[in-house]
Peer 1: 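One structure coming up, written as structure tokens, with questions to follow.
A quick note: this is a predicted structure, and the numbers were derived from the prediction, not measured. For the single chain, residues carry numbers from 1 onward in sequence order. Whatever order the structure lists ligands and atoms in, that order sets their numbers, starting from 1.
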Amino acid sequence: LSLRVTIRIPTAFEYETLCRSVGWTEEERFACMETALACSLFGVIAEAGGELAGMGRVVGDGAMYFYVHDVVVSPRHQGAGVGKAMMDAIVARLLEIAPPGAKAFLFAADGKAEFYRRLGFEPSARGMSRLIADFRP
Ligand SMILES: CC(C)(COP(=O)(O)OP(=O)(O)OC[C@H]1O[C@@H](n2cnc3c(N)ncnc32)[C@H](O)[C@@H]1OP(=O)(O)O)[C@@H](O)C(=O)NCCC(=O)NCCS
């Protein structure tokens, strides 16, 4: 099956389709996705056999800190190397644009730490996060 990985930010339609395919259906996500996508540093889109197969995106300051988010492969394309190909493309792009000393971060979903560890990411004991505000429609 032909796999094509392109460096570009997902469209809102691609973003929503892929999120829903893996059960990421919180409305908060879709309410702000246009801004979130537009403000991303770069993204990646995978097509397999001409079909939308996956996405990922990178946010950050473009120099010191880069955060990898929303890495998703649709269930029908999982386990076929799509996720790894997208992460390889993300890491290759980071190597091109990031100056010495820059750091890439991500939060691994449950059960996915090993997938990212193989790509050179190491668990950090001190990572912290909080919800900033509850969603008010
Ligand atoms: C996690 C995800 C992106 C992996 O994508 P994928 O296309 O299925 O993974 P690949 O086929 O490219 O796998 C690459 C390698 O990682 C391994 N791998 C994949 N998922 C893994 C997991 N959960 N734990 C351990 N290893 C894993 C594969 O076995 C493969 O190993 P190999 O190179 O030795 O064959 C995908 O399963 C997904 O989108 N899941 C739902 C959404 C999600 O949880 N995203 C992560 C957010 S942090």
Peer 1: Check Ile90, Ile97, Val59 against Phe66 for a side-chain contact (heavy atoms from CB on, under 4.5 Å) and give me the one that passes.
Peer 2: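 Exactly one option meets the side-chain contact (heavy atoms from CB on, under 4.5 Å) with Phe66, and it is Ile97.
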Peer 1: Could you tell me, atom by atom, which parts of ligand 1 come under 4.0 Å of a heavy atom of Lys84?
Peer 2: 12 (O), 14 (C)
Peer 1: Between Ala80 and ligand 1, which residue portion shows a heavy-atom distance shorter than 4.0 Å: side chain, backbone, both, or neither?
Peer 2: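 It is the backbone that gets close, since no side chain atom is under 4.0 Å.
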Peer 1: Nearest 0.5 Å please: distance from the CD1 atom of Ile45 over to the CD atom of Glu14.
Peer 2: 4.0 Å
Peer 1: For Gly111, take its heavy atoms, then give the atoms of ligand 1 lying under 4.0 Å from any of them.
Peer 2: 22 (C), 23 (N), 24 (N)
Peer 1: Roughly how far, to the nearest 0.5 Å, is OH of Tyr15 from CG of Asp70?
Peer 2: 3.5 Å
Peer 1: Looking only at protein heavy atoms, identify the closest one to atom 8 (O) of ligand 1 and say how far it is in Å.
Peer 2: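 For atom 8 (O) of ligand 1, the nearest protein heavy atom is Gly79 N, 2.8 Å.
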Peer 1: For the atom pair CD (Glu114) and NZ (Lys112), what is the distance rounded to the nearest 0.5 Å?
Peer 2: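 Those atoms lie 12.0 Å apart.
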Peer 1: Do the side-chain N and O atoms of Arg20 and Thr25 include a donor-acceptor pair separated by under 3.5 angstrom?
Peer 2: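 There is no such pair (donor and acceptor under 3.5 Å, judged by atom type) between the side chains of Arg20 and Thr25.
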Peer 1: Considering only heavy atoms of Val22, which atoms of ligand 1 have at least one such atom less than 4.0 Å away?
Peer 2: 41 (C)
Peer 1: For atom 32 (P) of ligand 1, is there a protein heavy atom at a distance under 4.0 Å?
Peer 2: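 Answer yes: something from the protein, a heavy atom, is under 4.0 Å.
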Peer 1: Considering only the protein, which heavy-atom contact is closest to atom 40 (N) of ligand 1, and what is its distance?
Peer 2: Gln78 NE2, 3.5 Å
Peer 1: Within ligand 1, which atoms have a heavy atom of Val72 less than 4.0 Å away?
Peer 2: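 Per the distance check, 39 (O).
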Peer 1: When you look for heavy atoms under 4.0 Å from ligand 1, do you find them on the side chain of Val73, its backbone, both, or neither?
Peer 2: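 Looking at Val73 and ligand 1, atoms from backbone and side chain both fall under 4.0 Å.
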Peer 1: Can you report which non-hydrogen protein atom sits closest to atom 45 (N) of ligand 1, along with the distance?
Peer 2: Val71 O, 2.8 Å
Peer 1: Among all the protein's non-hydrogen atoms, which is closest to atom 13 (O) of ligand 1, and how far away is it?
Peer 2: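 Of the protein heavy atoms, Phe115 CE1, 3.9 Å lies nearest.
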Peer 1: Looking only at distance, does Arg118 have an N or O less than 3.5 Å from an N or O of ligand 1?
Peer 2: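 Between Arg118 and ligand 1 (N or O atoms, distance only) the closest approach is under 3.5 Å.
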Peer 1: Do Asp88 and Arg93 meet the salt-bridge criterion of a basic N to acidic O distance under 4.0 Å?
Peer 2: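 Salt bridge absent between Arg93 and Asp88.
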Peer 1: What atoms of ligand 1 come closer than 4.0 angstrom to any heavy atom of Gly81?
Peer 2: 10 (P), 11 (O), 12 (O)
Peer 1: Are there protein heavy-atom neighbours of atom 2 (C) of ligand 1 below 4.0 Å?
Peer 2: no
Peer 1: Could you tell me whether Arg8 atom CZ has more than 12 heavy atoms of other residues or ligands within 6.0 Å of it?
Peer 2: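 Enclosed: over 12 neighbouring heavy atoms sit under 6.0 Å from CZ of Arg8.
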Peer 1: Please list the nearest protein heavy atom to atom 43 (C) of ligand 1 with its residue and the distance rounded to 0.1 Å.
Peer 2: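 Of the protein heavy atoms, Trp24 CZ2, 3.6 Å lies nearest.
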Peer 1: Within a radius of less than 6.0 Å around CD of Glu34, do more than 12 heavy atoms belonging to other residues, nucleotides or ligands occur?
Peer 2: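 Not more than 12 within 6.0 Å, no.
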Peer 1: Which residue holds the protein heavy atom closest to atom 44 (O) of ligand 1, what is that atom called, and what is the gap in Å?
Peer 2: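 For this ligand atom, the closest protein heavy atom is Lys112 CE, 3.3 Å.
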Peer 1: What part of Phe107 sits under 4.0 Å from ligand 1 if we count only heavy atoms: the side chain, the backbone, both or neither?
Peer 2: backbone
Peer 1: Any ion pair linking Arg4 and Glu51 (charged N to carboxylate O, less than 4.0 Å)?
Peer 2: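 So Glu51 does not pair with Arg4 through a salt bridge.
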Peer 1: Whether the side chain of Glu47 engages the backbone of Leu52 through a donor-acceptor N/O pair (distance < 3.5 Å, no angle test) should be reported.
Peer 2: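 The answer is no, because no donor-acceptor pair under 3.5 Å joins these two groups.
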Peer 1: Which residue owns the protein heavy atom closest to atom 7 (O) of ligand 1, what's the atom, and how far is it?
Peer 2: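 For this ligand atom, the closest protein heavy atom is Gly83 N, 2.7 Å.
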Peer 1: Count I, L, V, M, F, W, Y as connected when their side-chain heavy atoms are under 4.5 Å apart, and connections chain through other members. Are Trp24 and Leu18 then in the same cluster?
Peer 2: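 Same cluster: Trp24 reaches Leu18 through Ile, Leu, Val, Met, Phe, Trp or Tyr contacts under 4.5 Å.
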